[in-house]
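Below: the structure, in structure tokens.
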Number of protein chains: 2
Amino acid sequence: MSLLTPIEAPPSLTEQAVAALRRDILSTRLAPGETISEAAAAQRLDMGKAPIRAALARLAEDGLVQAVPRRGWMVSLVTIRDIHEVFDLRLLLEPEAARRAAGRVDTTMLARLDAVCAEGYDCGDAESAMCYLDANKRFHVAIAELSGNNRLARQLDRMLDESTRMLVLGLRRRDRTMEMAHEHHELVERLALGQGEAAAALMHEQVAASREMVLAALTAPDAMTAV
Amino acid sequence: MSLLTPIEAPPSLTEQAVAALRRDILSTRLAPGETISEAAAAQRLDMGKAPIRAALARLAEDGLVQAVPRRGWMVSLVTIRDIHEVFDLRLLLEPEAARRAAGRVDTTMLARLDAVCAEGYDCGDAESAMCYLDANKRFHVAIAELSGNNRLARQLDRMLDESTRMLVLGLRRRDRTMEMAHEHHELVERLALGQGEAAAALMHEQVAASREMVLAALTAPDAMTAV
DNA sequence: TCCGGTCAGGTTGCGGGCAATCTAGGCCAA
DNA sequence: TTGGCCTAGATTGCCCGCAACCTGACCGGA
């Protein structure tokens with residue numbers, strides 16, 4: 001119909017369910033270990049079981065929930081081992097993505113990256129840290145997309161959801177959001193200048209710092225973690 | 001009940017559907033670009049639409065099919081770009097996996113790897129090449145699992161399905177199955193000896209060789225590829 | 001011949017219901 | 001008190017039906 005609406009698909013109920021459940025899980029409103037009943041979720045989101053089911057299946061692929069045969073669905077636990085696995089993989093993929101993205105940034109994408117950075121700062125302090133973390137994720141995904149390998153970006157996208165949840169768990173104990181933000185601008189600068197090695201090094205440093213923050217926050221006191 | 005059946009779950013219909021559809025797609029019995037109707041697949045596999053639907057959703061996550069809004073499901077096309085993306089990512093992940101797996105092989109796993117290698121040789125020539133390619137995939141996944149990072153293994157597992165399909169498309173034109181097989185034993189040897197660098201180098205060489213084979217087979221003549 | 005409109009067929013998206021089955025808790029016997 | 005059994009509840013896995021919607025073909029007119 002309208003030529004001005006090239007893609008104006010009203011998001012399907014499944015998409016809505018995915019978004020809602022992912023948001024609740026990442027924000028730990030649905031805590032690790034908690035069980036989710038299809039019927040309950042369907043009632044809460046005011047839809048049938050079918051979209052809920054599809055949504056949970058997709059989240060299971062991302063590792064955020066897991067199906068327990070006849071017990072329902074459980075929000076995945078976060079173990080120290082999980083943290084190591086996620087950040088090890090990030091350390092393997094993201095510096096390489098940054099290296100390849102260097103010099104490929106066009107002005108459009110550059111503006112987008114900068115906007116994402118700025119967006120991060122705006123948020124206040126308390127629970128709107130979720131806002132920053134979401135922008136942070138989009139920032140990293142955008143760099144991965146710039147690497148030119150869409151599959152790399154996709155795999156990272158999934159893993160960054162897990163990573164975000166870990167950061168949320170970590171930030172609960174010590175809020176260090178602001179310490180992390182100022183690295184983004186320098187990274188964007190290096191990318192724009194085409195300095196691949198420097199960008200990769202910065203990316204490595206940043207991801208490693210995140211890992212240390214999460215580990216420091218979660219290993220010291222009592223553990224929200226479980227087997 | 002029985003202590004001898006720790007995990008004797010009769011595979012659910014969904015699992016069966018996933019296995020059957022994946023097999024058909026990897027073997028190109030369902031050709032790239034072909035559309036799959038839920039109803040038709042349900043009738044063919046003698047089950048309802050629900051398991052088919054779940055199975056297709058999972059295969060879509062793996063990139064083997066993609067949902068077209070009201071047209072059904074389409075077996076993903078294979079473009080030259082796809083090939084580059086998959087093998088570039090394999091080249092990034094697999095040598096590192098081999099490096100980390102070195103020295104971690106216990107005798108049990110070693111036997112398993114050897115068995116997988118042998119299995120590859122047994123198959124004849126014609127269409128049972130699928131058998132070899134399946135063993136090849138399990139071989140690579142096993143090494144990734146030995147790296148100690150389960151997420152690395154999972155991500156590789158998904159990508160190797162795509163890779164396998166590309167190899168099938170390539171082998172259709174020139175059968176080079178046998179040329180690739182004898183590299184496995186040396187790789188296992190290096191892994192058992194804990195020579196990480198050598199194992200990584202061998203892995204890199206092997207994956208690169210696969211890529212060249214696929215590209216050589218698919219770029220020269222007419223293209224089964226599409227945009 | 002060519003073009004625009006209309007209609008029928010086919011497909012998914014989703015809702016609702018049923019049976020199989022697993023778990024938890026109470027109850028009875030020792 | 002303690003151990004085992006048994007019932008009741010809850011939950012998924014699956015099937016079936018319906019409406020919305022898109023696609024392609026057919027047909028009438030210019």
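Lettering of chains follows the sequences in order, A, B, ..., and the numbering in each one begins at 1.
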Does A:Gln43 have more than 12 heavy atoms from other residues, nucleotides or ligands lying within 6.0 Å of its CD? no

Exercise answer: donor-acceptor pairs, residues 159-167 of chain B side-chain atoms, under 3.5 Å, sequence neighbours excluded:
| unit_1 | atom_1 | unit_2 | atom_2 | d |
| --- | --- | --- | --- | --- |
| B:Asp161 | OD1 | B:Lys137 | NZ | 3.0 |
| B:Asp161 | OD2 | B:Arg22 | NH1 | 2.8 |
| B:Glu162 | OE1 | A:Arg151 | NE | 3.0 |
| B:Glu162 | OE2 | A:Arg151 | NE | 3.4 |
| B:Glu162 | OE2 | A:Arg151 | NH2 | 2.6 |
| B:Ser163 | OG | B:Arg90 | NH1 | 2.7 |
| B:Thr164 | OG1 | B:Leu160 | O | 2.7 |
| B:Arg165 | NH1 | B:Ser76 | O | 2.9 |
| B:Arg165 | NH2 | B:Ser76 | O | 3.1 |

Do B:Glu145 and B:Arg138 sit within salt-bridge range, that is, some charged N less than 4.0 Å from a carboxylate O? no

First contact, last contact: which nucleotides of DNA chain C are these for chain A, 5' to 3', heavy-atom distance under 4.0 Å? C:dC14 to C:dA24

Do you see a donor-acceptor pair shorter than 3.5 Å between the side chains of B:Trp73 and B:Glu38? yes

Just verifying a value: how many Å separate A:Ile36 CD1 and A:Leu30 CG, rounded to the nearest 0.5 Å? 5.0 Å

A:Glu94 and A:Ile143, any side-chain heavy atoms less than 4.5 Å apart: no

List the protein contact pattern of nucleotides 6-18 of chain D with one symbol per nucleotide (5' to 3'): B for base contact, S for sugar-phosphate-only contact, - for none; contact means a heavy-atom distance under 4.0 Å. -----SBBSB-B-

Any side-chain heavy-atom pair of B:Met47 and B:Ile52 under 4.5 Å: yes

